[in-house]
Protein chains: 2
Amino acid sequence: MQHQRPKIVDVARLAGVSTATVSRVLSNPQIVNAETRRLVEEAIRQTGYRLNHAARNLRHQRTGGVVALVPNLSNPFFSQILAGMAAVLAPAGYNLLVADTRTEGRASILRYAEPSRADGLIVLDGSLPADGLARRVPVVLACEWIPGFAAPRVKIDNRQAAQLAVEHLIGHGHRHIAHVAGPPGNVLTDARLAGTEQALKAHGLPAPHIFPGDFTLASGRRAGEAWLALPADERPTAVFLASDEMACGFIGEVQHNGMVVPRDVSVMGFDDIELVSHMTPALSTIRQPREAIGRQAAQRLLDRIGGDDGSADTILPVELVLRGSTAAPRR
Amino acid sequence: MQHQRPKIVDVARLAGVSTATVSRVLSNPQIVNAETRRLVEEAIRQTGYRLNHAARNLRHQRTGGVVALVPNLSNPFFSQILAGMAAVLAPAGYNLLVADTRTEGRASILRYAEPSRADGLIVLDGSLPADGLARRVPVVLACEWIPGFAAPRVKIDNRQAAQLAVEHLIGHGHRHIAHVAGPPGNVLTDARLAGTEQALKAHGLPAPHIFPGDFTLASGRRAGEAWLALPADERPTAVFLASDEMACGFIGEVQHNGMVVPRDVSVMGFDDIELVSHMTPALSTIRQPREAIGRQAAQRLLDRIGGDDGSADTILPVELVLRGSTAAPRR
DNA sequence: ACCCCTCTTGAAATCGATTACATAACTCCG
DNA sequence: CGGAGTTATGTAATCGATTTCAAGAGGGGT
């Protein structure tokens with residue numbers, strides 16, 4: 001029992017070599033003579049030495065951590081993306097730090113963007129100020145993006161996905177289609193709305209009835225109330241919601257009031273969160289490859305940290321998932 | 001433009017003081033003369049100085065990070081707990097790192113338990129080896145726990161919660177009650193099963209029919225299949241499932257086969273994840289205060305890091321949430 | 001025998017901030 | 001006016017690993 005925690009000099013002393021040699025065994029073993037290496041490794045074992053990351057990081061001018069800035073940590077949509085990121089970062093020797101941009105103040109969130117705190121940043125919140133992020137650590141944007149901020153984006157084609165969804169409804173014969181939008185000002189809201197309008201226009205149909213929303217269950221429920229409040233013959237026969245959570249709230253509300261999905265209204269969601277395939281009826285939706293988004297975002301960030309300057313976007317494919325919540329309108 | 005990134009000596013030079021004084025302004029301003037302080041603060045502003053955390057951490061022998069070890073990051077159950085932890089840790093100046101114990105190997109996960117990597121550990125996975133965790137950084141266990149491992153636990157009373165659930169079903173007149181258990185070997189599985197059996201026994205009812213499960217949607221669905229496969233007159237009239245996810249899978253499956261909940265079977269879940277209040281029927285369940293669990297766990301860990309040696313458990317109250325999925329059995 | 005190379009290794013500087021210790025200036029009071 | 005006490009600041013050691021530079025040992029060619 002010498003020190004509380006053995007350091008590199010303790011190992012060096014025991015092995016009868018210098019600290020430099022021990023360090024080389026640790027980080028670049030092949031340049032050390034085999035016999036010496038054996039000695040050092042034995043000394044490491046005997047002392048139970050564990051390297052101090054703060055010291056290494058200081059010397060290397062890196063932190064070994066990557067921060068994910070998430071708009072809302074308690075939203076299950078993001079947890080699977082985080083899982084994807086962790087799966088790539090851990091093997092590469094990076095820690096995944098997470099921060100909730102809503103919980104912490106807009107301003108204080110930028111402390112994560114310092115090189116001495118994290119080696120890189122994955123931003124999943126498009127509402128962060130571009131100027132605060134500029135000229136700091138490498139950044140990758142995932143899912144959402146920040147207009148005017150140049151950084152690789154890993155995302156889906158939201159507009160096209162929305163088109164896909166709406167065209168499915170049109171294909172079923174719906175002519176009166178509503179859209180429940182995301183929160184105002186959000187880039188996803190705009191893209192999905194645009195796709196919706198575009199699809200309707202392309203088929204010569206009137207602009208959609210827009211219900212306000214904010215991606216949450218509660219707002220979907222309110223959209224359901226609003227739909228129910230319309231005179232029966234003015235109700236859209238199909239509703240496309242910008243998130244599955246809202247679709248759940250919507251269906252819950254209309255079912256609660258005696259409506260039957262899809263007989264009385266077809267419902268289409270967005271995201272394909274796991275639960276919706278088990279509801280009754282199972283929800284038709286657009287599948288976002290969440291795990292893959294996380295993995296790709298992490299990989300792009302590692303590339304950037306490694307010096308790759310490419311800032312091209314990575315667009316991942318979505319999938320139209322057809323289940324029981326959509327059908328032809330009642331004649 | 002002097003260095004790439006200004007350091008403390010640059011500030012000192014500009015302000016005409018020593019680095020010690022700058023450091024004091026940074027960490028202990030009141031011991032510095034007001035005028036000097038002003039000078040230093042001005043110099044900090046001019047240089048755009050930002051402190052290097054790796055250096056400070058090295059000196060302070062701390063890391064500024066806390067790791068949460070989660071069994072499954074993509075499970076929405078945990079995301080809200082993480083949000084609670086983040087809400088406490090961020091203001092205290094700690095980063096929240098997350099790691100998925102399933103994605104990373106059992107062995108490699110212990111690298112997080114080193115003092116040079118994290119100042120503390122919040123473990124949400126009861127299946128980790130106690131010996132690996134011992135004598136490392138301060139640990140707090142949340143939700144699950146590790147038998148024989150002494151550390152503060154922040155949890156609910158699972159046995160009592162299960163009793164509460166089952167007694168509600170008994171109160172409705174159910175006499176034939178089934179339980180869909182969690183994964184074998186899990187501490188929660190055992191506690192909830194024990195509570196179930198205890199409640200039935202206390203009312204002179206036979207032991208429950210046990211369906212195997214593992215907390216996932218898919219396993220709940222399989223339980224539904226198993227329930228349907230029973231002869232109609234042998235089917236339990238009520239099923240208590242050890243997680244809401246399983247309850248969703250179960251309900252989805254039986255509804256899919258024409259059964260009506262709660263007419264044909266009452267269903268009780270566990271957790272009260274947000275979605276289940278919007279299903280049709282809305283799920284009766286046991287509410288775990290997830291955000292509070294996260295907050296408390298983080299707070300207990302901060303206390304421990306601060307030197308508090310108390311290892312008493314924190315038991316948070318659950319709430320029986322009654323919704324539409326439970327009713328009296330059909331006569 | 002001599003020079004040049006390669007292979008190993010060690011001494012010491014370095015990463016950037018913190019802090020124990022020393023010192024200088026100034027106040028207060030008998 | 002001298003000594004104790006207080007306040008403010010600087011000097012230099014320190015946290016623990018990495019890495020540059022230099023040098024010694026050994027091999028091979030001429």
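Reminder, nothing fancy here: chain letters follow the sequence lines and each chain counts from 1.
Using five terminal pairs a side, the axes of the helix from C:dA1-D:dT30 to C:dG30-D:dC1 at its two ends make an angle of 50°, given in steps of 10 degrees.
The local environment of CZ in A:R62 is crowded, with over 12 non-hydrogen atoms from other residues, nucleotides or ligands closer than 6.0 Å.
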Can you give one letter per nucleotide of nucleotides 16-24 of chain D, going 5' to 3': B for a protein heavy atom under 4.0 Å from the base, S for sugar-phosphate only, - for none? BSBBB----
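Nearest heavy atom pair, residue A:F77 against residue A:N75, reads N-OD1, 2.8 Å. Closest heavy-atom contact between A:V70 and A:L73: CG1-N, 4.1 Å.
Between B:N33 atom CG and C:dA24 atom C1' the separation is 14 Å, expressed in whole Å. Look at CG on B:L39: it is 14 Å from C1' on D:dA8, rounded to the nearest Å. Protein atom CD1 of A:I31 is 12 Å distant from nucleotide atom P of C:dG10, rounded to whole Å. Note: CD (A:Q30) to C1' (C:dT6) measures 16 Å, nearest angstrom. Following rounding to the nearest Å, A:N57 (CG) and C:dT14 (C1') show an atom-to-atom distance of 16 Å. Put simply, CZ on B:R62 is 13 Å from C1' on C:dT18, counting in whole angstrom units. Atom CG in B:D10 sits about 11 Å away from atom P in C:dC15, given to the nearest Å.
B:N52 and B:R5 are not linked by any side-chain donor-acceptor pair at a separation below 3.5 angstrom, with hydrogens and angles left out of the test.
Of the side-chain N and O atoms in A:T36, one or more sit less than 4.0 angstrom from OP1 or OP2 of C:dT9.
Here the side chains of A:L96 and B:L97 are not in contact, with every heavy-atom distance at 4.5 Å or above. Contact annotation: the side chain of A:T47 approaches that of A:L14 to within less than 4.5 Å [non-hydrogen atoms, C-beta and beyond].
Rounded to the nearest 0.5 angstrom, B:S311 OG and B:R300 CZ are separated by 8.0 Å.
When the options A:V22, A:T21, A:L26 are evaluated for a side chain to side chain contact (heavy atoms under 4.5 Å, CB included) with A:V11, the one that passes is A:V22.
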List the steps, then state whether side chain to side chain contact (heavy atoms under 4.5 Å, CB included) holds for B:E144 with B:N186. CA-CA 8 Å; B:E144 302 193 5; B:N186 182 288; 3.2 Å; yes
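Using a 4.0 Å heavy-atom criterion, one finds that B:S116 contacts no nucleic acid atom at all.
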